[in-house]
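One structure is given here, and the rest of the page talks about it.
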Protein chains: 2
Amino acid sequence: MNIGEASSATGVSAKMIRYYESIGLIRAPLRTGSNYRVYGEDEVHVLRFVRRARTLGFSVEETATLLGLWQDKSRASAEVKDVATSHITALETKIAELQGMVKTLRHLAHCCTGDNRPDCPILDDLAGEHPVSKGH
Amino acid sequence: MNIGEASSATGVSAKMIRYYESIGLIRAPLRTGSNYRVYGEDEVHVLRFVRRARTLGFSVEETATLLGLWQDKSRASAEVKDVATSHITALETKIAELQGMVKTLRHLAHCCTGDNRPDCPILDDLAGEHPVSKGH
DNA sequence: CTTGACCTTCCCATGATTGGAACCTTTATA
DNA sequence: TATAAAGGTTCCAATCATGGGAAGGTCAAG
C-alpha cells in the first residue's frame with residue numbers, strides 16, 4: 001500500500017501522514033526501491049487510531065501518549081482513564097467558555113433591533129458604553 | 001501614555017498592540033521624538049473595544065469589521081446584528097462538536113474500570129476494536 | 001513513448017500570541 | 001553624575017495542526 005492508498009484507507013491525508021512521521025508520532029515505514037513509503041495493516045491500524053483520537057479532540061501529544069499506552073501490553077487502564085478524564089475536563093472548560101460568549105452575544109443580539117437605524121447595543125457593549133443590563 | 005501604560009489600561013499586551021497596528025487593525029499612533037508610541041483616550045477606547053470583541057470570540061477579522069461599523073455613524077444596526085448572529089452560530093457549532101466528543105469520552109471513561117488491569121475500553125475504541133455499545 | 005496520476009522533499013502560509021535578542025531611552029538610585 | 005534597572009524599539013522565531021505548491025522522480029495505461 002502506498003501513501004495515497006493508506007490515506008484513503010484511514011481518512012488521514014498523505015500530508016498529515018508524512019507530518020506525523022516527521023514528528024515521531026508514527027514510525028517511518030519501509031520504502032520501495034524507488035523510495036515510496038509502503039504501508040501494511042499494522043500501519044493502517046495505527047493511523048486509524050490516531051485519526052480517532054484526533055477526532056475526539058486529543059492533541060497530537062496526547063495521542064502519542066495514548067498510542068504508547070496502547071502498545072504497552074502491561075499498562076494499567078487507570079493511566080488511560082487519567083488521560084481521558086483530564087481531556088474531558090479541558091473540553092468542558094472550553095465549552096463553558098464558549099457558552100459564556102454565546103450567552104452574552106444572544107442577549108446583545110436580542111436587544112439589537114437589527115434595522116436601518118444606527119443605534120446598536122452590540123457596538124455599545126463592545127465600546128464599553130451604556131452597559132446593557134442583564135434583566136430585560 | 002506609552003505602550004506599557006496603554007497595555008495596563010486596556011488589558012491588551014504591548015506585543016499585541018504592536019501586532020494589531022502591524023496588521024492594520026488599529027491605526028499607528030503618534031510617536032515621541034525618541035520614537036515611543038503615544039496613546040490617548042481615543043486609542044485606549046479602541047483597544048478596549050478590540051479586547052472585548054476578542055473576549056467574545058470574534059476573530060481579528062470580524063473585530064475589524066465591527067470596528068469599521070462602530071466608526072461608521074451611518075451604519076445600520078442590522079449589519080452588526082448579522083455579524084453577531086453568524087458568530088453565535090459558529091460558536092454553537094463548535095460547542096456541539098465539543099459536546100459530541102465529551103459525550104463519547106464520558107461513555108468510554110465510564111466503561112473503563114480504571115484500575116491496574118490492562119483491559120481498557122477507551123483504547124479498544126480508539127483502536128476500532130470491540131466497539132463499545134451505547135446502551136449499558 | 002507519451003501522458004497523467006502519483007510519489008518524493010522542500011519551503012511557505014495560516015491565526016493569534018508569546019519569547020527573545022540587540023539596541024536605545026528614561027527614570028531612579030548610589 | 002555615573003550607573004543600573006525598567007521599559008521602549010525592531011526583527012526574527014516558535015507555537016499547533018494543517019494545507020498549498022514547486023521541482024523533480026516513478027508508475028501505469030493508452
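Quick note on labels: first sequence line is chain A, next is B, and so on, each numbered from 1. Predicted model, so just to flag it, every value in this text is computed and none were measured.
- Between the P atom of dA13(D) and the OH atom of Tyr19(B) lies a distance of 17 Å, rounded to the nearest Å.
- The separation between Tyr36(B) atom OH and dG7(D) atom P is 11 Å, rounded to whole Å.
- If you take CG of Leu30(B) and C1' of dG8(D), they are 17 Å apart, rounded to a whole angstrom.
- If you run salt bridge (charged side-chain N to carboxylate O under 4.0 Å, His left out) between Arg37(A) and each of Glu21(A), Glu5(A), Glu43(A), only Glu21(A) comes through.
- Between Lys15(B) atom NZ and dC12(D) atom P there is a gap of 13 Å when expressed in whole angstrom units.
- As a whole-Å value, the separation of Glu5(A) CD from dA5(C) C1' is 12 Å.
- When each of dT9(D), dG20(D), dC7(C) is scored by its nearest atom to the side-chain atoms of Ile3(B), the top-ranked nucleotide is dT9(D).
- As a whole-Å value, the separation of Glu21(B) CD from dT10(D) P is 7 Å.
- For the pair Glu92(A) and Arg106(B), the salt-bridge criterion is met [side-chain N within less than 4.0 Å of a carboxylate O].
- Ring planes of His45(A) and Trp70(A): perpendicular class, angle over 60° (limits at 30 and 60°).
- Under 4.0 Å is where a charged nitrogen must lie from a carboxylate oxygen, and between Arg117(B) and Asp115(B) at least one such pair does.
- With dG19(D), dC27(D), dT9(C) as the candidates, the nucleotide lying closest to the side chain of Arg18(A) is dT9(C).
- For Arg54(A), counting side-chain heavy atoms from C-beta on, the closest listed nucleotide (dT18(D), dT8(C), dT26(C)) is dT18(D).
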